[in-house]
Q: 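Got a structure for you, questions after.
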Amino acid sequence: MKKIISILLCLVMAFSCFTVAFAADSEGSYTPAYDENTPVVVLHGIGQNNTYILDENGNRKLDSNGDYITGWPLEIDVAALVADILPNMLYSIFTRQDNGLSEAMKEGAYDLLYAIHKDNEGNYENDIEVPCYNCPMSEMPKEEREHIYDMIPLRRCGEIIGEDNLFYFGYDSLGDIQATTDRLHKYINEVVLPQTGAEKVNICPISLGGTVAVNYIDKYPEDHKLIKKMVYVVPAIDGSDIVGDVLTGNLSIYDDETLYKKLLVTLMGDSFTTYLLNMVLRVLPSTVLRQALLGLCEGVVEAAIRSTTQLWALCPTEYYPEAREKWLSDDEYALIREKVDAFMQARADFADNTSSIIAGSGRVYDIVCYDLELFPLSADYKTTNSDGIIQSASTSMGATFADLGTTLGENYVAAGNYCNNPAHNHLSPDGMVDPTTGLLPCTTWFFKGQSHEDLANNDVVLTLATELMTDDNMIDVYSNPVAYPQFNGARSVRYVNRDLALWSAADKSAYSADEIAEIENAIAFINELKNETVIDSEKWLEAQEKLDAALVSAGAKESSEPDCFEDFLAMMFEGLNDALNAVAVKLGL
């Protein structure tokens with residue numbers, strides 16, 4: 001049966017690859033065909049739904065400040081961790097050995113994450129509440145609806161199909177992948193379809209939502225016929241190398257440059273306090289510091305990952321055997337192991353399941369970001385092409401990427417068999433990407449330099465995702481290439497939108513005609529670029545800086561630039577840190 005489905009998929013894909021912009025006329029104009037009747041179900045990414053800790057009466061717990069205590073976003077008391085490890089750190093500094101520091105770091109990290117502790121079968125030790133929305137966006141309380149739109153700005157989708165047809169599937173990011181999958185199946189069949197009267201759904205899995213979708217289409221093949229469109233947005237199809245490296249201890253901390261220069265700068269920013277802390281860390285021998293960081297990672301795994309199957313689903317396939325042996329081999333973790341093994345089989349079946357959806361007249365799309373380093377905890381962060389959080393090979397369903405800072409080569413020939421149309425040239429203009437080894441070369445779009453964390457602020461990505469979910473004439477990358485080329489750039493409208501709102505609310509009488517003219521010219525430049533869906537990243541940064549400078553010059557906002565003294569301190573301490581590292585290397589410390 002799988003072979004038959006695969007053959008059908010090849011036929012469908014071959015047909016789609018020969019279909020070039022059927023909705024475009026000879027002059028290249030494009031006419032959309034919006035489907036206002038098929039509901040859209042959004043599967044959010046990690047942390048885009050809160051997890052509340054409950055007291056003995058079933059009420060949400062409050063901290064000393066009167067705020068809710070949440071398992072997600074994580075409640076982290078860094079001061080408490082420092083207090084716990086300080087005695088062992090001082091003793092280790094004095095003796096130049098690991099005298100309980102790594103164990104203190106492990107225990108401290110574990111205690112710090114108390115809110116998400118689970119037993120060996122994955123059950124929370126605390127009572128929790130996870131908001132679930134068994135209604136469309138139109139029926140949600142305004143506060144919750146606005147909160148969701150702030151995280152995932154899909155207002156345009158709601159405008160096209162109506163908020164009665166837009167659904168947000170809320171689940172626990174740190175929960176059970178199998179239970180979440182079962183809930184999604186029921187949600188579509190018992191909530192979305194009955195409430196809308198529709199026969200099919202469009203599903204938009206984002207990031208971690210992609211792993212949920214991988215499991216869903218494997219566990220419930222009978223639902224394939226219900227899927228009209230599946231629009232993946234930076235999905236963790238093959239997990240994240242960061243999770244795999246943490247689980248296997250394959251970390252970048254064995255590289256001194258990363259350990260003493262890169263890691264803290266990424267976490268804390270390029271400031272003098274960062275470099276000062278790096279210098280303080282040099283007081284510890286590098287072997288002791290590494291052991292301490294490994295202890296910290298082990299504490300995090302014990303508290304947050306070991307019994308959390310949804311995070312295990314972020315372990316890449318190649319890492320899993322080693323990680324499984326290390327963390328799940330004991331009999332007490334048999335149930336967790338069974339659930340994660342089942343997910344790994346679902347991942348192995350992903351291509352066949354995707355074939356089944358397409359063979360049943362469903363459409364599957366993907367949006368990918370690339371050309372950024374992974375977070376510098378991962379061993380190969382300097383070379384792995386990613387969006388900063390997930391390696392691009394995972395989000396692209398197997399496309400080939402050159403190592404960062406390189407290309408595939410001038411004589412490189414497309415290596416894959418998923419698109420055999422000789423008229424198609426899917427290779428990226430920068431020579432870094434070969435989509436043909438990925439599962440969907442004709443329906444995958446790539447955004448260069450766009451970070452995973454800032455994706456919600458790239459308005460073009462969101463517009464493209466909305467068009468794919470709602471416009472039936474958007475068949476593939478050749479349907480409307482003038483507006484949405486297969487390869488595009490990066491931008492973020494976060495700060496621009498904030499500045500535009502600031503100026504909109506400002507009392508214009510407080511500014512001179514020249515100041516107003518300069519600001520309005522900058523805004524006109526911004527609006528011109530915002531109307532373009534082909535991103536010029538450099539021009540966007542120029543426009544953003546122009547608006548910022550005009551507002552600061554007029555006194556409408558404070559400068560976001562650090563003052564000269566802070567710049568000087570950062571530069572001085574960076575130099576001192578480099579000198580100290582050089583001396584330490586020579587002394588073999």
Side-chain angles (χ1 to χ4, degrees), residues 46-47 49-56 58 61 69-76 80-81 84 102-130 171-184 208 211-212 214-216 218-219 236 239-240 242-251 294-317 319-347:
I46 192 167
N49 198 32
N50 290 347
T51 301
Y52 298 97
I53 309 301
L54 304 180
D55 61 21
E56 62 277 5
K61 278 187 177 180
I69 299 176
T70 56
W72 192 277
L74 293 173
E75 297 284 332
I76 298 179
L81 176 62
D84 286 343
S102 58
E103 189 62 27
M105 291 283 276
K106 178 179 177 179
E107 292 177 0
Y110 183 83
D111 293 342
L112 203 65
L113 299 174
Y114 74 94
I116 57 174
H117 285 180
K118 301 182 180 71
D119 63 23
N120 296 343
E121 295 187 348
N123 303 304
Y124 277 100
E125 294 180 0
N126 293 291
D127 291 330
I128 66 162
E129 175 193 342
V130 180
Y171 64 92
D172 179 10
S173 297
L174 304 181
D176 179 352
I177 184 67
Q178 302 302 337
T180 298
T181 302
D182 294 341
R183 275 195 54 242
L184 176 60
L208 179 64
T211 65
V212 175
V214 167
N215 207 49
Y216 167 62
D218 188 71
K219 196 169 186 178
S240 169
I242 297 173
V243 175
D245 285 330
V246 168
L247 285 169
T248 59
N250 182 36
L251 306 176
L294 286 173
L296 180 69
C297 286
E298 287 193 4
V300 170
V301 172
E302 290 279 9
I305 303 179
R306 192 172 195 172
S307 295
T308 303
T309 58
Q310 209 136 275
L311 292 185
W312 270 103
L314 291 175
C315 179
T317 302
Y319 289 86
Y320 183 57
E322 180 182 349
R324 182 183 188 271
E325 176 64 26
K326 182 175 182 179
W327 296 105
L328 299 180
S329 58
D330 293 345
D331 289 342
E332 60 184 313
Y333 292 99
L335 181 59
I336 299 293
R337 187 172 63 241
E338 179 184 342
K339 290 181 177 182
V340 181
D341 285 349
F343 171 80
M344 290 298 168
Q345 185 57 52
R347 182 185 284 164

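Just so you know, these numbers come straight off a predicted model, no measurement behind them.
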Q: In terms of side-chain geometry, is the basic nitrogen of D218 or R347 positioned less than 4.0 Å from the acidic oxygen of its partner?
A: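 Between R347 and D218 there is no salt bridge, as every charged N stays at least 4.0 Å from the carboxylate O atoms.
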Q: Using side-chain contact (heavy atoms from CB on, under 4.5 Å), reason through E298 and S102 one step at a time and then give a plain yes or no.
A: CA-CA 10 Å; E298 287 193 4; S102 58; over 6 Å; no
Q: For D331, I'd like to know if atom CG has over 12 heavy atoms of other residues, nucleotides or ligands within 6.0 Å.
A: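 No.
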Q: Is there a side-chain contact (heavy atoms from CB on, under 4.5 Å) between Y171 and L208 once you walk through the steps?
A: CA-CA 11 Å; Y171 64 92; L208 179 64; 3.8 Å; yes
Q: Report yes if the side chains of L247 and W312 come closer than 4.5 Å at any heavy-atom pair, otherwise no.
A: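 L247 vs W312: side chains touch.
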Q: Heavy atoms, side chains only, cut-off 4.5 Å: are N215 and Q178 in contact?
A: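 Answer yes - side chains close enough.
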Q: Can you tell me how far the CD atom of E302 sits from the OG atom of S307, to the nearest 0.5 Å?
A: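 Separation between the atoms: 8.5 Å.
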Q: Can you tell me how far OH of Y110 sits from CZ of R306, rounded to the nearest 0.5 angstrom?
A: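 Output value for this atom pair is 10.0 Å.
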Q: Can you find a pair of side-chain heavy atoms, one from L311 and one from V243, that are under 4.5 Å apart?
A: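 A side-chain contact under 4.5 Å is absent here.
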Q: Ignoring hydrogens, what is the shortest heavy-atom contact between C315 and G244? Give both atom names and the distance.
A: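 The answer is SG-CA, 4.5 Å.
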Q: Rounded to the nearest 0.5 Å, what's the gap from CG on D245 to CG on N250? Could you check?
A: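 One finds 4.5 Å between CG of D245 and CG of N250.
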Q: Evaluate the side-chain proximity of Y114 to I69: yes if any heavy-atom separation is below 4.5 Å, no if none is.
A: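 Yes, at least one pair of side-chain atoms sits under 4.5 Å.
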Q: Under the criterion side-chain contact (heavy atoms from CB on, under 4.5 Å), I'd like the reasoning laid out for D127 against I53: C-alpha separation, chi angles, the key distance, then a yes or no.
A: CA-CA 6 Å; D127 291 330; I53 309 301; over 6 Å; no
Q: Run the numbers on K118 and L174 for side-chain contact (heavy atoms from CB on, under 4.5 Å), then give the verdict.
A: CA-CA 10 Å; K118 301 182 180 71; L174 304 181; 4.1 Å; yes
Q: Pair R337, D330 - check salt bridge (charged side-chain N to carboxylate O under 4.0 Å, His left out), show working.
A: CA-CA 9 Å; R337 187 172 63 241; D330 293 345; over 6 Å; no
Q: Find the distance between CD (E332) and CG (D119) and round it off to the nearest 0.5 Å.
A: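 The distance works out to 10.5 Å.
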Q: Given side chains that start at C-beta, do those of V214 and F343 come closer than 4.5 Å, heavy atoms only?
A: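 Yes, their side chains come closer than 4.5 Å.
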Q: Using side-chain heavy atoms (C-beta onward) and a distance below 4.5 Å, is I336 in contact with N120?
A: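 No, too far: nothing below the 4.5 Å cut-off.
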Q: Please report the interatomic distance CH2(W327) to OG1(T248), rounded to the nearest 0.5 Å.
A: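 Reported value, rounded in 0.5 Å steps: 10.5 Å.
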Q: Are any non-hydrogen side-chain atoms of V212 and I177 less than 4.5 angstrom apart?
A: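 Of all side-chain heavy-atom pairs linking I177 with V212, at least one is under 4.5 Å.
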Q: How about CD on E338, more than 12 heavy atoms from neighbouring residues, nucleotides or ligands closer than 6.0 Å, or not?
A: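 Count not over threshold, so no.
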Q: State, to 0.1 Å, how close G239 and P316 come at their nearest heavy-atom pair, and which atoms those are.
A: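 For G239 versus P316, the nearest heavy atoms are C-CG, 4.3 Å.
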Q: Working to the nearest 0.5 angstrom, can you tell me the gap between D341 CG and Q345 CD?
A: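 Interatomic distance, D341 CG to Q345 CD, rounded to 0.5 Å: 9.5 Å.
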Q: State whether a side-chain donor-acceptor pair under 3.5 Å links T51 with D172.
A: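 T51 vs D172: donor-acceptor pair found between side chains.
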Q: Could you tell me if the side chain of K339 sits less than 4.5 Å from the side chain of D176, heavy atoms only?
A: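 A side-chain contact exists here, since the closest heavy-atom pair is under 4.5 Å.
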Q: If I compare all heavy atoms of G175 with all of T308, which pair ends up nearest, and what's the gap?
A: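 Heavy atoms only, the tightest pair is O-CG2, 3.6 Å.
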